[in-house]
Amino acid sequence: EPEVTQTPSHQVTQMGQEVILRCVPISNHLYFYWYRQILGQKVEFLVSFYNNEISEKSEIFDDQFSVERPDGSNFTLKIRSTKLEDSAMYFCASRPDGNEKLFFGSGTQLSVL
Amino acid sequence: SQQGEEDPQALSIQEGENATMNCSYKTSINNLQWYRQNSGRGLVHLILIRSNEREKHSGRLRVTLDTSKKSSSLLITASRAADTASYFCATVRGSQGNLIFGKGTKLSVKP
């Protein structure tokens, strides 16, 4: 069964460094999302992406964050200058047109030291 | 505004018992979805119930929806140790299918 894949599974970085989290959505999906989950807390929406542009973003998704779909398969989340509070599990999700169900990847655990 | 707040926050039961989790939301919805998350893993879609439906079944799962009370419940019957996970309800915000999740119920099923 097709699945959303995320790399790396764990990322450790120093505060102030840039990180890029990578996702390969399911191939025929058209809508892409990033969520994050701070340990023990709720899953929070960051951004949605459709037709090669951001369709919606939350208040968490400030100027430090950006997303890109550089080719036909990858979907990336960049954090320009990481802060301690960016430490969280980041989930990528996708869905096809006409289906409201989201398919999630296994996540990237980001630790900012 | 927050959508999809579950209760209880944690639930511990014995294998074979039924588990009921509740979810409340604040705004009008087209559908409500339930997801499951095993520890440290991604979320897996369980079931979707539309606003014009009152009850839906899928295997050992039963979901109800009361739009007048803005609430939903997820019942897992004859629970198994493998059902141990966190369960989240989610509602859609906006036109792009963005899901807003509640805090979840952490279910522990003891063998």
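Nothing here was measured: the structure is a model prediction, and the numbers come from that model. Within every chain, numbering begins at 1; the chains are lettered A, B, ... in the order of the sequence lines, protein sequences first and strands thereafter.
- Looking at Asn98(B), both its backbone and its side chain come within 4.5 Å of chain A, counting heavy atoms on both sides.
- In this structure, CD on Gln37(A) lies 7.5 Å from OG on Ser86(B), to the nearest 0.5 angstrom.
- Residue-environment remark: CG (Asp63(A)) stays at or below the threshold of 12 foreign heavy atoms within 6.0 Å.
- The neighbour count for Glu15(B) CD, taken as heavy atoms of other residues, nucleotides or ligands under 6.0 Å away, is above 12.
- Dense packing is recorded around NZ of Lys56(B), with more than 12 heavy atoms of other residues, nucleotides or ligands lying under 6.0 Å away.
- For chain B, no part of Phe103(A) is nearby; none of its heavy atoms comes within less than 4.5 Å.
- Shown here is Arg80(B), whose CZ atom has no more than 12 heavy atoms of other residues, nucleotides or ligands within 6.0 Å.
- In this structure, Gln33(B) CD and Lys101(A) NZ are separated by 9.5 Å, a value rounded to the nearest 0.5 Å.
- By the 4.5 Å heavy-atom criterion applied to side chains, Phe45(A) and Ile100(B) are counted as neighbours.
- Side chains of Phe91(A) and Gln37(B) form a contact here, defined as non-hydrogen atoms less than 4.5 Å apart.
- Following chains of ILVMFWY side-chain contacts shorter than 4.5 Å, one can reach Ile76(B) starting from Leu32(B), so the two form part of one hydrophobic cluster.
- Within a 6.0 Å sphere centred on CG of Asn30(B), other residues, nucleotides and ligands contribute 12 heavy atoms or fewer.
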As a quick check of understanding, evaluate side chain to side chain contact (heavy atoms under 4.5 Å, CB included) for Tyr33(A) and Leu99(B), giving each step before the final call. CA-CA 9 Å; Tyr33(A) 308 84; Leu99(B) 290 181; over 6 Å; no

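- Judged purely by atom type and a 3.5 angstrom limit, Tyr35(B) uses its side chain to pair as donor or acceptor with the backbone of Leu102(A).
- From Arg93(B), atom CZ reaches atom OG of Ser58(A) across 7.0 Å, with rounding to the nearest 0.5 Å.
- The side-chain heavy atoms of Arg95(A) and His45(B), taken from C-beta on, include no pair separated by under 4.5 Å.
- Residues Gln41(A) and Lys103(B) fail the side-chain proximity criterion, which asks for heavy atoms closer than 4.5 Å.
- Contact annotation for Leu48(B): only side-chain heavy atoms (C-beta onward) come within less than 4.5 Å of a heavy atom of chain A.
- The hydrophobic cluster containing Ile47(B) also contains Ile29(B), counting ILVMFWY residues as joined when their side-chain heavy atoms lie under 4.5 angstrom apart, directly or transitively.
- Nearest heavy atoms, Phe104(A) versus Leu43(B): CB-O, 3.3 Å.
- Hydrophobic clustering (ILVMFWY, side-chain heavy atoms < 4.5 Å, transitive): Val24(A) and Phe75(A) are in distinct clusters.
- Between Arg41(B) and Ser106(A), the shortest heavy-atom contact is NH2-OG, 3.3 Å.
- Dense packing is recorded around CD of Glu55(B), with more than 12 heavy atoms of other residues, nucleotides or ligands lying under 6.0 Å away.
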